Amino acid sequence: MFRKRSYSLAVIGILLGSIILLMLFGSRLFTDIEEDPQVEEEKRIVVGVSQLGSESGWRTANTESVQNAFTTQNGYFLIFNNARQKQENQLKAIRSFISQRVDYIIFSPVVETGWETVLQEAKEAGIPVILMDRNVDVEDESLYVTCVGSDFTAEGEKAGHWLEQELRRRGYAGNDVNIVILMGTEGSSSQIGRTAGFASVAAEHKNWNILDQEFADFTSTRGREVMRGFLRKYPDIDVVVSQNDDMTFGAIEAIRESGRTVGVDGDIVILSFDALRSALEMVAAGDINVDIECNPNQGEYLLRVIDMLEAGGQVERRYYVEEDVFTIENVTQELLRERTY
Ligand code: GZL
């Protein structure tokens, strides 16, 4: 009697013990190693991204575009660093990516110079570097694979050619035109290119007087401060060329504080760059006369570049994102609704 019962008790004990063990370790015992997140992680392409900062609405959109591209679902492991506008933070981040032996390094250089050494270190580590948004000024172009961004000189020229047309349309072609320029971060390729592009058109017009140009770091605060200074120094400003929408927002605040008016019906013509939705709403309202687009949605372009590199393909030296020029004539409510930044 007892033995039979003890036998059946033993069987029950073994069964219960096995059930408990399976509940505790079953998932590991039968894990298909393919589903193991650790193994999956090792198969993902590791991308180190050094973003220069978060100084403007454009930059926020650019960051979102990169984070939406390099996702786990797309097979990537993204290591993202915000350098807060400091080159030394970008240099640290890139060296950290090298020590972590990432598969690719992507960065938006805050300024064009000072990158040779760290790019040489990445090259010696065998890690391809892709430039995003802005460019670097290096002798050895093999230090980076490609650059995905905008043609900033062309953007500056577009602004100049629009002003030519606008002055002709107003019948001012021969009149003296007094211009001030709010420039972006000193030494950045967007500041260098936009300044040079606009200047190349202005040089063809002896009656265009560029009264002053000053760096305002692509921020609305500095745009307002620098514009206040211009208004104190120059009572007869006709045109403001502002190299991004954030500086434009600050400049318009300063102009309105001074009692002067802006835009299509105002006494100061406003040319801006980036074409953020919030700025295009001001174009539609007639407060900004023209906005030269600079497209921040570069994530998809960067994905395609890495896909090509992964497949052993050749990539171009430069990829330019598509961009437009916006005035009150082509900014529609539908365009504003559909705009992603
Ligand atoms: C342009 C980018 C500039 C934007 C600014 O590609 O480098 O930096 O025009 C941003 O808004 O701060």
Side-chain angles (χ1 to χ4, degrees), residues 151-184 190-216 222-275 279-294 323-331:
D151 183 340
F152 300 117
T153 304
E155 290 176 356
E157 290 164 352
K158 286 177 190 176
H161 291 316
W162 177 85
L163 187 57
E164 283 176 329
Q165 293 161 8
E166 179 63 10
L167 293 172
R168 268 198 293 274
R169 186 185 69 79
R170 292 185 179 204
Y172 290 6
N175 300 24
D176 266 2
V177 182
N178 294 324
I179 302 166
V180 293
I181 302 176
L182 296 170
M183 297 190 288
S190 21
Q191 176 270 311
I192 293 168
R194 289 170 186 163
T195 303
F198 184 80
S200 68
V201 177
E204 294 162 24
H205 300 274
K206 290 192 179 21
N207 59 316
W208 290 16
N209 310 313
I210 296 184
L211 302 174
D212 209 335
Q213 55 187 21
E214 214 177 299
F215 301 111
R222 283 291 298 141
R224 186 171 51 245
E225 286 164 4
V226 172
M227 191 66 221
R228 281 176 181 155
F230 285 159
L231 289 161
R232 280 193 293 270
K233 275 168 73 176
Y234 309 103
D236 50 358
I237 296 170
D238 300 310
V239 176
V240 173
V241 179
S242 169
Q243 292 181 354
N244 89 324
D245 290 334
D246 294 73
M247 294 189 296
T248 302
F249 300 148
I252 290 176
E253 255 183 73
I255 293 169
R256 285 175 168 160
E257 272 171 9
S258 74
R260 301 196 62 187
T261 57
V262 297
V264 172
D265 300 324
D267 56 15
I268 297 184
V269 172
I270 305 290
L271 290 78
S272 191
F273 292 78
D274 282 353
L280 293 187
E281 285 162 355
M282 295 179 76
V283 171
D287 296 334
I288 294 174
N289 296 77
V290 63
D291 207 330
I292 314 296
E293 183 178 26
C294 179
E323 299 176 338
D324 208 335
V325 175
F326 292 103
T327 64
I328 199 164
E329 282 79 28
N330 65 349
V331 174

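If you're wondering where the values come from, they're calculated on a predicted model, not measured in any experiment. What's counted below: heavy atoms across the whole structure, side chains too, no hydrogens, waters or symmetry copies.
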Test W208 against L167 for side chain to side chain contact (heavy atoms under 4.5 Å, CB included), laying out the working first. CA-CA 11 Å; W208 290 16; L167 293 172; 3.4 Å; yes
Could you go through T195 and F215, starting from their C-alpha distance and side-chain angles, then the distance that decides it, and tell me whether this counts as side chain to side chain contact (heavy atoms under 4.5 Å, CB included)? CA-CA 11 Å; T195 303; F215 301 111; over 6 Å; no
Please determine whether side chain to side chain contact (heavy atoms under 4.5 Å, CB included) holds for the pair T248 and F273, giving the CA-CA distance in whole Å, both sets of side-chain angles, and the decisive distance to 0.1 Å. CA-CA 9 Å; T248 302; F273 292 78; over 6 Å; no
Determine, stepwise, if the pair V269 / V177 fulfils side chain to side chain contact (heavy atoms under 4.5 Å, CB included). CA-CA 10 Å; V269 172; V177 182; over 6 Å; no
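For the atom pair CD1 (I252) and CZ (R224), the distance works out to 12.5 Å, reported to the nearest 0.5 Å. Atom CH2 of W162 sits about 8.0 Å away from atom OG1 of T327, to the nearest 0.5 Å.
With hydrogens and angles ignored, the 3.5 Å screen pairs a side-chain donor or acceptor of T261 with a backbone N or O of D267. With hydrogens and angles ignored, the 3.5 Å screen pairs no side-chain donor or acceptor of N289 with any backbone N or O of L163. Of the possible polar contacts, one joining the R260 side chain to the I237 backbone as a donor-acceptor pair under 3.5 Å is found. Judged by distance alone, with hydrogens and angles left aside, the side-chain atoms of E293 form a donor-acceptor pair with the main-chain N or O of D324 at under 3.5 Å.
Taking both residues in full, the closest heavy atoms of L231 and A254 are given as CD1-O, 3.5 Å, listed atom of the first, atom of the second, then distance.
Sorted by first and then second residue, the pairs that involve residues 232-243 and meet salt bridge (charged side-chain N to carboxylate O under 4.0 Å, His left out), not counting sequence neighbours, are D212-K233.
When the shell of 6.0 Å around CG of N175 is examined, it contains more than 12 heavy atoms from other residues, nucleotides or ligands.
Between E166 and R169 there is a salt bridge, with a side-chain nitrogen of the basic residue lying less than 4.0 Å from a carboxylate oxygen of the acidic one.
Considering only residues two or more places apart in sequence or on other chains, H161 meets the ring-ring contact (aromatic ring centres under 6.0 Å, His included) condition with none of them.
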Show every donor-acceptor pair shorter than 3.5 Å between a side-chain atom in residues 151-160 and any protein atom, with sequence neighbours excluded, or say none if there are none.
from : atom 1 : to   : atom 2 : distance (Å)
D151 : OD1    : T153 : N      : 3.3
D151 : OD1    : A154 : N      : 3.0
E155 : OE1    : R194 : NE     : 2.7
E155 : OE1    : R194 : NH2    : 2.9

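The shortest distance between side-chain heavy atoms of F230 and E214 falls below 4.5 Å.
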